[in-house]
Participant: 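Before I ask anything, let me first share the structure, which is written out below as structure tokens.
Numbering starts at 1 and runs along the sequence shown. Nothing here was measured: the structure is a model prediction, and the numbers come from that model.
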Amino acid sequence: MVHSSSISVCALVPYPLNTVPGQRFRIEQWQPYLEKEGILVDFFPFADARLMQWLYQPGQWVKKAAGLTAAFARRIRQLPAARRYDVILIYRAIWLFGPAALERVASVLNRPIIFDFDDAIYLLHTTEANRWFGWLKFPRKTDAICRLSDHVVVGNTFLADYARRHNPSVTVIPSSVDTERFRPVDRASTSHHVVIGWTGSSTSQTYLEQFAPVLRQLVVRRQVEIRVHSDRPPVLDGVPVSWRPWSPETEADEIAQFDIGIMPMPDELWAYGKCAMKALLYMACAVPTIAQAIGANCEVIQHGENGFLASTPEAWLAYLEALIDNPALRKKLGASGRRTVEQRYSMQQCATLFARVVREAVSRHWTTHHS
């Protein structure tokens with residue numbers, strides 16, 4: 001039931017709905033719970049489906065330029081409509097490229113601005129297809145958006161440390177999991193061999209591809225299936241791999257069929273800003289998880305209790321082999337991981353936290369501007 005005094009939110013998001021993990025596992029999936037709290041969210045994506053298709057292909061510069069120009073014009077037309085809402089939510093940025101010009105326009109609309117991000121977007125990070133385009137991202141505009149905002153919401157403490165250098169009003173709300181959709185299944189009779197699984201987008205898949213040397217050693221030493229669920233076939237030289245095309249409809253079922261979930265990452269600043277989403281999805285499905293021992297992974301996983309944290313190839317192989325050889329250990333860590341997600345990372349809990357931020361931002365803005 002919607003509260004009698006509802007708060008309307010204009011969500012300016014970069015991507016089409018139900019396409020990009022960060023956006024899906026944050027504001028998009030919180031929407032129905034926010035509505036129960038009396039907070040009504042309308043989404044205004046910057047990119048459309050065609051632009052998203054072109055952006056991650058090599059070349060296509062004319063189509064990319066035309067698509068970005070059309071998206072920018074659409075965004076300019078949308079901004080005045082934000083006045084009809086009680087709150088403006090910016091997820092990552094109002095537009096995909098360029099300086100914080102449109103955010104400055106939004107700041108003069110006399111509406112509280114909440115800025116949400118879940119990656120180290122203040123660092124330059126581009127795909128191979130758009131490497132020469134990188135300078136157009138203006139990563140340091142994130143500093144300005146933090147300063148322009150009434151409140152900043154981030155996915156982990158690493159990002160919070162950065163945000164607090166530019167804005168004192170910062171709240172950590174982890175990316176969250178729909179524990180009704182992502183849930184355990186009985187895997188006892190589904191396969192005669194152990195499935196080592198990875199899920200993710202084409203951009204984060206580079207981390208898996210860098211992990212190929214460990215997987216090459218593993219498939220020599222143990223009979224396993226390496227299964228990848230993503231939006232492009234992986235390049236894993238010398239590693240037999242079973243690739244399953246990603247879709248939001250099959251995602252939960254695919255992950256639930258893993259026997260072990262892996263989240264390898266390089267030890268670099270961009271990786272420290274990641275929000276452990278892969279690990280949380282595996283754990284929600286009671287899939288025992290091994291993750292790189294960096295960043296938010298260390299906040300989510302208590303080593304040896306609800307998963308394993310690895311920092312060297314030798315450690316990765318040792319923990320993989322321990323789980324492959326010991327079904328009881330897989331079951332124990334999987335069950336503990338599921339409890340962790342239920343207790344700390346469910347979307348209901350995170351949506352409630354976000355609702356509190358929205359109400360406080362509205363109250364503070366009203367008091368400041370109307371007292």
Participant: Give a yes-or-no answer on whether the side chains of Trp316 and Gln292 include a donor-acceptor pair shorter than 3.5 Å.
Facilitator: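 Short answer, yes.
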Participant: With the threshold set at 4.0 Å, does a side-chain nitrogen-carboxylate oxygen contact exist between Glu251 and Arg24?
Facilitator: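 Looking at Glu251 and Arg24, the cut-off is met.
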Participant: Would Glu321 and Leu218 count as a side chain to side chain contact (heavy atoms under 4.5 Å, CB included) here? Give the steps.
Facilitator: CA-CA 8 Å; Glu321 290 178 339; Leu218 182 67; 4.2 Å; yes
Participant: Is it true that a side-chain atom of Ser149 and a backbone atom of Val152 form a donor plus acceptor pair closer than 3.5 Å?
Facilitator: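 No; zero donor-acceptor contacts below 3.5 Å.
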Participant: Side chains of Ser176 and Gln29: any donor to acceptor distance under 3.5 Å?
Facilitator: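 There is such a pair between these side chains.
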Participant: Report the C-alpha separation of Thr171 and Arg356 in whole Å, then their side-chain angles, then the decisive distance to 0.1 Å, and conclude whether the side chain to side chain contact (heavy atoms under 4.5 Å, CB included) test is met.
Facilitator: CA-CA 10 Å; Thr171 300; Arg356 190 180 308 156; over 6 Å; no
Participant: When rounded to the nearest 0.5 angstrom, what is the spacing between NE2 in His151 and NE2 in His365?
Facilitator: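 Nearest 0.5 Å value for the NE2-NE2 distance: 15.0 Å.
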Participant: Return yes if a side-chain donor-acceptor contact under 3.5 Å exists between Asn156 and Tyr272, otherwise no.
Facilitator: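 The answer is no; no qualifying pair exists.
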Participant: What I'd like to find out is whether the side chain of Tyr33 reaches to under 4.5 Å of the side chain of Cys350, using heavy atoms alone.
Facilitator: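 Side chain of Tyr33 against side chain of Cys350, heavy atoms only: no contact under 4.5 Å found.
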Participant: Do the non-hydrogen side-chain atoms of Arg111 and Asp86 ever get within less than 4.5 Å of each other?
Facilitator: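 No, too far: nothing below the 4.5 Å cut-off.
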Participant: Test side chain to side chain contact (heavy atoms under 4.5 Å, CB included) on Asp178 and Gln348 and set out the steps.
Facilitator: CA-CA 8 Å; Asp178 180 348; Gln348 297 95 319; 5.7 Å; no
Participant: Do NZ/NE/NH1/NH2 and the carboxylate oxygens of Arg92 and Asp116 come within less than 4.0 Å?
Facilitator: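 No.
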Participant: Output yes when a side-chain donor or acceptor of Thr367 lies under 3.5 Å from a complementary backbone atom of Ser363, and no otherwise.
Facilitator: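 Judged by distance alone, yes, a pair lies under 3.5 Å.
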Participant: Answer yes or no: is there a donor N or O on one side and an acceptor on the other, between the side chain of Thr157 and the main chain of Ala160, under 3.5 Å?
Facilitator: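 No; zero donor-acceptor contacts below 3.5 Å.
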Participant: As an exercise, state the distance from CG of Asp267 to CE of Met265, rounded to the nearest 0.5 Å.
Facilitator: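 It is 9.5 Å, given to the nearest 0.5 Å.
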Participant: Contact between Ile301 and Phe308 at the side-chain level, heavy atoms closer than 4.5 Å - yes or no?
Facilitator: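 With C-beta onward as the side chain, the pair stays apart.
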Participant: Can you tell if the side chain of Val241 reaches within under 4.5 Å of the side chain of Arg227, non-hydrogen atoms only?
Facilitator: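 Side-chain contact under 4.5 Å: no.
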Participant: Look at the side chain of Asn306 and the backbone N and O of Gly337, then say whether any donor-acceptor pair between them is shorter than 3.5 Å.
Facilitator: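 Not at all, since once roles are kept as given, no pair shorter than 3.5 Å links the two residues.
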Participant: Would you say that Asp231 contacts Pro245 through its side chain, given a criterion of any heavy-atom pair below 4.5 Å between the two side chains?
Facilitator: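 Sidechains of Pro245 and Asp231: no contact.
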Participant: Side chains of Lys274 and Ser204 only: does a donor on one sit below 3.5 Å from an acceptor on the other?
Facilitator: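 No, no side-chain donor-acceptor contact under 3.5 Å.
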Participant: So, Arg26 side chain and Ile173 main chain: donor-acceptor pair closer than 3.5 Å or not?
Facilitator: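 Checked: pair present.
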Participant: Would a hydrophobic clustering, with Ile, Leu, Val, Met, Phe, Trp and Tyr connected at side-chain separations under 4.5 Å, put Leu215 with Val195?
Facilitator: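 Yes; tracing contacts between hydrophobic side chains, which count when under 4.5 Å, links both residues.
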Participant: Is the ring pair Trp246/His229 parallel, tilted or perpendicular, if the boundaries are 30 and 60 degrees?
Facilitator: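 If you compare the ring of Trp246 with that of His229, the planes turn out tilted.
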Participant: Is the ring pair Phe354/Trp30 parallel, tilted or perpendicular, if the boundaries are 30 and 60 degrees?
Facilitator: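 If you compare the ring of Phe354 with that of Trp30, the planes turn out tilted.
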Participant: Between the side chains of Asp143 and Tyr122, does any donor sit under 3.5 Å from an acceptor?
Facilitator: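 The criterion, which ignores hydrogens and geometry beyond distance, is not satisfied for Tyr122 and Asp143.
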Participant: Would a 4.5 Å heavy-atom cut-off, applied to side chains only, mark Asp42 and Phe44 as touching?
Facilitator: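 Yes, their side chains come closer than 4.5 Å.
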Participant: What's the spacing between Ile39 CD1 and Glu35 CD if we round to 0.5 Å?
Facilitator: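 Between Ile39 CD1 and Glu35 CD, I get 11.0 Å after rounding to 0.5 Å.
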Participant: Under 3.5 Å, is there a donor-acceptor pair between the side chain of Asp150 and the main chain of Ile114?
Facilitator: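 No, the answer is negative, given that no donor and acceptor are paired below the 3.5 Å cut-off.
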Participant: Please answer: with hydrophobic residues joined when any side-chain heavy atoms are less than 4.5 Å apart, are Val235 and Val239 in the same cluster?
Facilitator: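 Each belongs to a different hydrophobic cluster.
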Participant: Regarding Thr352 and Gln349, do their side chains bring together a donor and an acceptor under 3.5 Å, going by distance alone?
Facilitator: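 There is no such pair (donor and acceptor under 3.5 Å, judged by atom type) between the side chains of Thr352 and Gln349.
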Participant: Can you tell me how the ring of Phe72 sits relative to the ring of Trp95, calling it parallel under 30°, perpendicular over 60° and tilted otherwise?
Facilitator: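 Ring orientation of Phe72 relative to Trp95: tilted.
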Participant: Between Arg232 and Ser202, does any side-chain donor sit less than 3.5 Å from a side-chain acceptor?
Facilitator: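 No.
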Participant: Between Glu305 and Ser336, is there a side-chain donor-acceptor contact under 3.5 Å, judged purely by atom types and distance?
Facilitator: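 Side-chain D/A pair, Ser336 to Glu305: absent.
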Participant: Taking Arg338 for the side chain and Ala284 for the main chain, is one N or O donor matched with an acceptor at less than 3.5 Å?
Facilitator: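 Looks like yes, one N/O pair under 3.5 Å.
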Participant: Are side-chain heavy atoms of Thr206 and Glu209 found at a separation under 4.5 Å?
Facilitator: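 Side chain of Thr206 against side chain of Glu209, heavy atoms only: contact under 4.5 Å found.
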Participant: For Asn18, does its backbone N or O pair with a side-chain atom of Glu28 as donor and acceptor, under 3.5 Å?
Facilitator: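 Checked: pair present.
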Participant: Taking only Lys NZ, Arg NE, NH1 and NH2, and the carboxylate oxygens of Asp or Glu, determine whether Asp237 and Arg216 approach each other closer than 4.0 Å.
Facilitator: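 No, this pair does not count.
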Participant: Applying the side-chain contact (heavy atoms from CB on, under 4.5 Å) test to Trp243, which of Leu236, Ile226, Val228 qualifies?
Facilitator: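 Between Trp243 and the candidates, side-chain contact (heavy atoms from CB on, under 4.5 Å) is satisfied uniquely by Val228.
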Participant: Between Gln223 and His193, does any side-chain donor sit less than 3.5 Å from a side-chain acceptor?
Facilitator: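 On atom types as modelled, these side chains do not qualify, holding no pair under 3.5 Å.
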Participant: Given 3.5 Å as the limit, does a donor-acceptor pair link the side chain of Arg74 with the main chain of Phe46, or not?
Facilitator: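 Answer holds: yes.
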Participant: Do Glu314 and Tyr319 meet the criterion of a side-chain donor-acceptor pair at a distance under 3.5 Å?
Facilitator: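 Checked: Glu314/Tyr319 side chains show no N/O donor-acceptor pair below 3.5 Å.
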Participant: Atom CG in Leu148, atom NZ in Lys141: separation rounded to 0.5 Å?
Facilitator: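 Separation between the atoms: 12.0 Å.
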Participant: Taking the side chain as every heavy atom from C-beta outward, state whether Phe115 and Leu89 have any pair of such atoms under 4.5 Å apart.
Facilitator: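 When only atoms from C-beta onward are counted, Leu89 and Phe115 do not touch, as no gap falls below 4.5 Å.
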Participant: For Tyr282, which of Val287, Val341, Val177 qualifies under side-chain contact (heavy atoms from CB on, under 4.5 Å)?
Facilitator: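 Going through Val287, Val341, Val177 one by one, the side-chain contact (heavy atoms from CB on, under 4.5 Å) with Tyr282 is satisfied by Val287 alone.
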Participant: Output, in order, the C-alpha distance, side-chain angles, deciding distance and verdict of side chain to side chain contact (heavy atoms under 4.5 Å, CB included) for Val9 and Leu40.
Facilitator: CA-CA 6 Å; Val9 177; Leu40 310 178; over 6 Å; no
Participant: Between Glu225 and Ile196, is there a donor-acceptor pair closer than 3.5 Å when you use the side chain of the first and the backbone of the second?
Facilitator: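 Looks like no, no N/O pair under 3.5 Å.
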Participant: Nearest 0.5 angstrom please: Glu342 CD to Thr179 OG1, how far?
Facilitator: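 It comes to 6.0 Å.
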